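All values below come from the heavy atoms of this structure, side chains included, with hydrogens, waters and symmetry mates left out. The shown structure was predicted, so the numbers you read here are calculated from the model rather than taken from an experiment. Within every chain, numbering begins at 1; the chains are lettered A, B, ... in the order of the sequence lines, protein sequences first and strands thereafter.
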Amino acid sequence: MRQRDNESASQRVGKSTQGGFAESLIRRIAPWLGVSLFLGLFFFCPLARILWLGLNPASLLTIAPDSLLIIRHSLLFTFYQACLSTLLTLLVGLPAAYLFARFDFRGKPLLRLLTAIPFMLPTVVAAAGFNALLGPRGWVNLGLMQLFGLESAPITFVHTLWAILFAHVFYNTTILIRVVGNALAHLDPRLEQAARILGADARRAFWQVTLPLLRPSILAASLLVFLFDFTSFGVILLLGGPRFATLEVEIYKQAIQIFNLPLAALLTFIQLLFTLAFSIVYGRIVTGVAVTTTPHTAQSNLRRARAWREKLFVGGMASLLLALFLLPMASLPLRSVARLEAARGERTAVGYDLTSNYYTELFVNRLDSLFYVPPFKALTNSLLYATMTVVLSLALGFPVASALARPGRLERFLDPFLMLPLGASAVTLGLGFIVAFNQPPLALIRSPLLVPIAHTLIALPFVIRSLQPALASIPDRLRQAATSLGASPLRTWFTVDWPIVSRATLAAAIFAFTVSLGEFGATALVSRPEYPTLPIAIYRFLSQPGGLNYGQAMDMATILMVVCGAGILLIERFRLPGAGEF
Amino acid sequence: MLQLLDIAKDYENRPLLRGISFTVAANETVCLLGASGSGKSTLLRIIAGLETCEQGTVAWQGQDLSSAPAHLRNFGLVFQDYALFPHLSVFKNVAFGLQMQNLSRPEIERRTREAMTQVNLSGFEQRHVTELSGGEQQRVALARALAPRPRLLMFDEPLGALDRALRDRLLDELRGILHATRVPAIYVTHDQEEAFAIADRVLLLHEGKIVRDGSPAEVWNEPGSAWAARFLGLGNIVEGVVRLKVETLKVETRAGGFVLRCGHAHQTGEKVNLLLRPSGVRLAADGNLRGVVTDVVFQQARFKVTLENGLYFYLPEAPKIGEAIAISIPPSEVHCLA
């Protein structure tokens, strides 16, 4: 009897009976429940609603001819500015990549960090930074006015195409430095030397060996830059001003200002189509990158500049990067404490004066209006939303990341769906909320909760991608060892898993927090006027006249920059090497 | 043809090469033999023009090459791990140097095929270099270096990554090719068997200097220093004191007393190093070297016998471990190392 019991028990373990199968199925599906529900309700459902709204025959047939013009114009401009921006970024980024991959110079780690910061810097901060530097009330213009006694700002930078292009270079140069720079740094230097010995001069060795070997990574990086430029929103709206509209900005305008939701939906569909195509091509190129570059370990490619031409290159390029990245970021906090306004009545004399007035004003509701919210409230709103985003994205991301750390067929199948929100732009997410939740049964559009939900959609893929490698790095043997030594499952988790994943969790949390603090696109569409976030408040102040408004925008942008900058630095410290790269 | 004069080079503020001078004659294969980190690869790179030296000159038939960049020197270099161009086919790899000479297309085609035949790679033209085995990659690297008909060929540990059997075969082929093309060559390695197998002349590089320069047989017979004898694995090195110097030298060591002939001038009481070659010895009751056996290893026709004092010898029959034996070493197997 006892013998048979043992047998059936071992059979149950070995072959898994009906009940065991159902149980294991539930255990495999359980981690996905929260995420599936969340993404289904807040991503796929709104996306489907957008597609239906934009593509149903009724709205397609009633499309106005000037709508077609709008589509054509915004599509052309999107391509135009994205191409120009990408070219300009290549122009700065390729020499910069060469600089970082081949030369050793003083202050290099600092410069590298400086170039990396903009990538995660909120667009409103960058816009405010460029404004503080080159805007009509910026350092350069006020300085020139003072110097030459001019009546008005001599340089028109804000609300020109140049502002857009500059900001895009500012944001995306780091992609080239990372992708192409890494490829170049890992390129075996002996390949170029072999070419030299076989009779190629430096120029031919570069064109026939180095460049062909870098081509896949240059292509991949350019396409990524192009994709970011193509879907750029904040930069165009804040720095380009009302004259310029990319698809993304046009979607926002149609949805928020003109309330032409069908046209906004159609534009979204067009945009999605292009981003999908670019992403597929990008995926193809990236798989090619791994094949063609043979990594080396032995020799270092780094050298100090010796010849005068090298010194000139290193010095010139480092100064250019320093100017491009430091000036906007430095002029912002300086501008926030400096009153450089001409006093009323005397137009030409510019007074200099350090002030904390703008900061104290942050707590005051000047207009006493219902929709006017003092900046301080915007800050607390932002912090509240960011905290909610952290909690929500970790709660949803952790179970999934754990499941993905030991992927089975189910996990491999579901994994790409998790990353899909990455492909949709922030404005698309916002528009989806407006379209899907403006009527019962889910009339959530008035709920301030939509903001942290939108932020979670954006942060979630990154949170999962930074948790997953940490969780996967824990070998099962460690857990088994702990269990065999008598630890309960919960205790095993706390003694084995947690110490290893805590750093990655911290990095993911800070990331979600930073993303939420700086998010502009989706928030611009779904936030309630009475509950603005910091970026929205900055946008409002920047678009209003007056020195006080300008100063307060600078202050808030400075606060945002400091908080986000600290976040970015912390993430760099805590993230696993290699995790969360492009 | 190639003359090096007083080459000196620092590496991370420490001298790596200190005054290297030698020449390579026509049709000669010179082997630079040294431990890893001895600077022999750096020396090759200086000759190739890939690195600069702080002092000294590299000249070709009397003409200083200091100002000639690497691509104008017309030297060939086979890298360790080959450094084949991963984005080009086998054919294009081999043809690269010819293209750089701006030759006509049929000429490039003809000479590429010729070089590939030379290294037994015909039929591999359209293969991708990343799909080749280590030995095949080595042949491509050799063909690529040969095709432009360089006036000097250099090899930087070209067989280091290959297994023993393949190494021996490629070494034979390489020797054949070097003899057939009659191109002077410098071969860098840390493996003395490889060096002795391929070199017309061996240069021993130690602490930034060439400590021995001679044919393989000369270097084998007269290593010249305790370091060289040890590095080449020639036998046991023991320190001793000169006791008597008449016509022959009598040296007292911890292993026993030895009588030998020596060309050097020594004083009584001077410390010298002796090389006791392990072969050519026999067991003899009146042998001049006594010891207890600690290890016996069968090696084909002989036994390697290690004694408690660390010395080893090759004997035709195996003593027992723990046995006390006496060995007679003929004077011809004992060398005095200056």
(message) With chain A as the partner, which of B:L88, B:N102, B:N74 has the greatest number of non-hydrogen pairs under 4.5 Å?
(response) B:N102
Name the region of [X], side chain, backbone, both or neither, that has any atom closer than 4.5 Å to a heavy atom of chain A.
X	answer
B:L72	neither
B:F85	both
B:D156	neither

(message) A side-chain contact here means heavy atoms from C-beta on lying under 4.5 Å apart; do B:H71 and A:I197 qualify?
(response) no
(message) Would you say that B:P69 contacts A:D201 through its side chain, given a criterion of any heavy-atom pair below 4.5 Å between the two side chains?
(response) no
Locate the shortest heavy-atom distance separating [X] from [Y]; write the atom from each residue and the value.
X	Y	value
B:Q99	A:R204	O-NH2, 3.3 Å
A:L191	B:A83	CD2-O, 3.3 Å
B:M100	A:L198	CB-O, 3.5 Å

May I ask you to check whether over 12 heavy atoms, not counting those of [X], lie within 6.0 Å of atom [atom1]?
X	atom1	answer
B:Q63	CD	no
B:R164	CZ	yes
B:K92	NZ	no

Taking atom [atom1] of [X] and atom [atom2] of [Y], what is their separation to the nearest 0.5 Å?
X	Y	atom1	atom2	answer
B:H87	A:L213	NE2	CG	5.0 Å
B:Y82	A:D188	OH	CG	13.5 Å
A:Q208	B:F96	CD	CZ	5.0 Å

(message) Checking B:Q80 against A:R190: is there a side-chain donor and acceptor pair closer than 3.5 Å?
(response) no
(request) Name the region of A:A195, side chain, backbone, both or neither, that has any atom closer than 4.5 Å to a heavy atom of chain B. (result) both
(message) Please classify the contact between A:R196 and chain B as side chain, backbone, both or neither, with a heavy-atom cut-off of under 4.5 Å.
(response) both
